[in-house]
Amino acid sequence: MEYNIIENKDTITVKNIKDFIPKHIFECGQCFRWDKQKDGSYTGVAFNRVINVKKEGDDIIFSNTNKRDFDDIWFNYFDLGRNYREIKQELAKDDILNKAIKHGQGIRILNQDPWEILISFIISANNRIPMIKKSIKILSKRYGEYIEEYKGEKYYSFPLSNVLDDLSIEEITNCGTGFRAKYILNASKIVSSNQIDIYKLKNLSTPDARNQLMLFAGIGPKVSDCIMLFSMNKSDAFPIDIWVKRVMEYFYVDEGTKLMDIQKYAQEKFGNLAGFAQQYLFYYARELGIGRNKKR
DNA sequence: CGTCAGGTCTCTA
DNA sequence: TAGAGACCTGAC
């Protein structure tokens with residue numbers, strides 16, 4: 001993928017970029033540390049940096065950054081080396097996905113940090129997105145490192161495992177994590193002691209990586225698939241949350257199909273692109289509120 | 001006040 | 001080995 005990049009003071013502009021719509025990227029459920037600003041742009045924190053992303057016409061402007069960070073961090077973070085046009089062309093052969101893609105054509109799957117994503121998705125279990133974001137924000141403010149103030153707001157990095165592993169259950173609960181606090185503490189101890197090297201899991205096969213992740217208390221099939229898809233470059237992972245379950249039942253499989261069987265179905269149908277299909281379907285289901293009034 | 005939300009764990013038959 | 005029930009928390 002080649003881009004026409006313009007460098008200015010504190011900003012990098014990528015001209016005429018297709019397949020990049022901030023709203024789709026930041027609101028398709030893969031990340032929790034990006035907030036919409038009054039001007040419609042999004043400000044987020046990742047890899048100890050604060051950055052603002054704004055779409056102007058066909059250009060994307062990255063503010064509060066520089067060419068070096070763009071090359072070293074953001075190019076990979078925003079998955080800019082991947083050709084989404086080809087992925088969408090392939091998936092659009094399926095009628096349902098063809099429609100779903102039209103709603104979320106600017107989605108990209110971010111390459112996020114495994115440790116932050118592992119904890120974030122432990123917190124996501126039986127929780128709501130605003131609450132998840134709030135918990136992560138408090139955790140970072142209390143136990144992360146201060147990064148900088150940007151447009152009147154202070155930003156903090158996500159706390160390291162060897163900081164969280166010293167906390168009490170109560171201290172973690174007090175960040176709004178509820179019953180998941182014990183899972184967070186447990187995971188912190190496993191990671192800080194290197195009992196499981198989560199940074200090496202991306203080198204394993206998807207089933208093997210999944211089995212390793214499921215060893216953590218509080219991580220089941222859905223959360224492990226999220227971790228693999230959003231931070232370990234496993235594009236064949238297919239996380240099935242309530243929305244994906246609904247949209248799959250609505251369009252593809254019988255109601256009451258077991259999650260494992262939906263998983264198998266998606267694996268066979270979408271293969272290596274399952275993760276991308278999941279994102280388009282998830283966004284589509286939420287936009288349309290598919291199955292919202294149905295009982296589980 | 002119940003209900004319920006980006007699931008997972010525990011207990012029971 | 002599958003299925004029901006519990007679970008922090010806060011918004012409706």
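Within every chain, numbering begins at 1; the chains are lettered A, B, ... in the order of the sequence lines, protein sequences first and strands thereafter.
Note: CD1 (A:Ile242) to C1' (B:dT3) measures 15 Å, nearest angstrom. One atom, CG of A:Asn126, and another, C1' of B:dC4, lie 8 Å apart when rounded to the nearest Å. Between the CD1 atom of A:Ile172 and the P atom of C:dT9 there is a distance of 14 Å, given to the nearest Å. Atom CZ in A:Arg286 sits about 10 Å away from atom C1' in B:dA5, given to the nearest Å. Separating the CE atom of A:Met260 from the P atom of C:dT1 is a distance of 11 Å, rounded to the nearest angstrom. Rounded to an integer number of Å, the gap from CD1 of A:Ile129 to C1' of C:dT9 is 16 Å. As rounded to whole Å, 16 Å separates atom C1' of C:dT9 from atom CD of A:Glu170. Taking atom CG of A:Leu139 as the reference point, atom P of C:dT9 lies 14 Å away to the nearest angstrom.
Among pairs with a residue in residues 201-232 of chain A, those fulfilling ring-ring contact (aromatic ring centres under 6.0 Å, His included) read A:Phe121-A:Phe230, at least two apart in sequence or across chains. Among residues at least two apart or in separate chains, salt bridge (Lys or Arg N to Asp or Glu O under 4.0 Å) pairs with a member in residues 19-45 of chain A are A:Asp19-A:Lys88, A:Lys23-A:Glu27, A:Asp35-A:Lys133, A:Asp39-A:Lys54. Legend: ring-ring contact (aromatic ring centres under 6.0 Å, His included) pairs involving residues 189-211 of chain A, not counting sequence neighbours: none detected.
A search for ring pair (Phe, Tyr, Trp, His ring centres under 6.0 Å) contacts involving A:Phe270 returns nothing, not counting sequence neighbours. Residues that satisfy the side chain to side chain contact (heavy atoms under 4.5 Å, CB included) test with A:Thr43, not counting sequence neighbours, are A:Gln37, A:Val50, A:Asn52, A:Tyr150, A:Tyr155. Scanning for salt bridge (Lys or Arg N to Asp or Glu O under 4.0 Å) contacts around A:Asp72 gives A:Arg68, with sequence neighbours left out. Residues meeting the ring pair (Phe, Tyr, Trp, His ring centres under 6.0 Å) test with A:Phe179, sequence neighbours left out: none. Here A:Tyr84 pairs with A:Phe276 under the ring pair (Phe, Tyr, Trp, His ring centres under 6.0 Å) rule; sequence neighbours left out. Considering only residues two or more places apart in sequence or on other chains, A:Lys18 meets the side chain to side chain contact (heavy atoms under 4.5 Å, CB included) condition with A:Asn16, A:Asp58.
Residue A:Gln30 is in base contact, counting any heavy-atom pair closer than 4.0 Å across all strands shown. As judged by a 4.0 angstrom heavy-atom cut-off over every strand, A:Cys28 is placed among the base-contacting residues. Across all strands shown, A:Phe230 has no heavy atoms under 4.0 Å from either base or sugar-phosphate atoms.
Between A:Arg246 and B:dA5 there is a side-chain N or O to OP1 or OP2 distance below 4.0 Å.
Helical stems in DNA chain B, defined as runs of 3 or more consecutive Watson-Crick or G-U wobble pairs with both donor-acceptor distances under 3.5 Å, are listed by first residue as B:2-5 with C:9-12, B:7-13 with C:1-7.
With both ends at atom C1', the span from C:dA11 to B:dT8 equals 23 Å, rounded to whole Å.
Under 4.0 Å is where a charged nitrogen must lie from a carboxylate oxygen, and between A:Asp59 and A:Lys55 no such pair does.
Of the listed nucleotides (B:dG7, C:dC8, B:dA5), B:dG7 has the atom at the smallest distance from the side chain of A:Asp241.
Of the possible polar contacts, none joining the A:Glu90 side chain to the A:Arg85 backbone as a donor-acceptor pair under 3.5 Å is found.
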Return the polar atom pairs (N/O with N/O) between nucleotides 10-12 of chain C and the protein under 3.5 Å, or none.
from   : atom 1 : to       : atom 2 : distance (Å)
C:dG10 : N2     : A:Arg128 : NH2    : 3.4

When you compare the protein's N or O atoms with those of nucleotides 9-13 of chain B, which come within less than 3.5 Å of each other, and at what distance?
from  : atom 1 : to       : atom 2 : distance (Å)
B:dC9 : OP1    : A:Gly218 : N      : 2.8

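Within the 6.0 Å centre-distance limit, the rings of A:His24 and A:Tyr283 are counted as a close aromatic pair.
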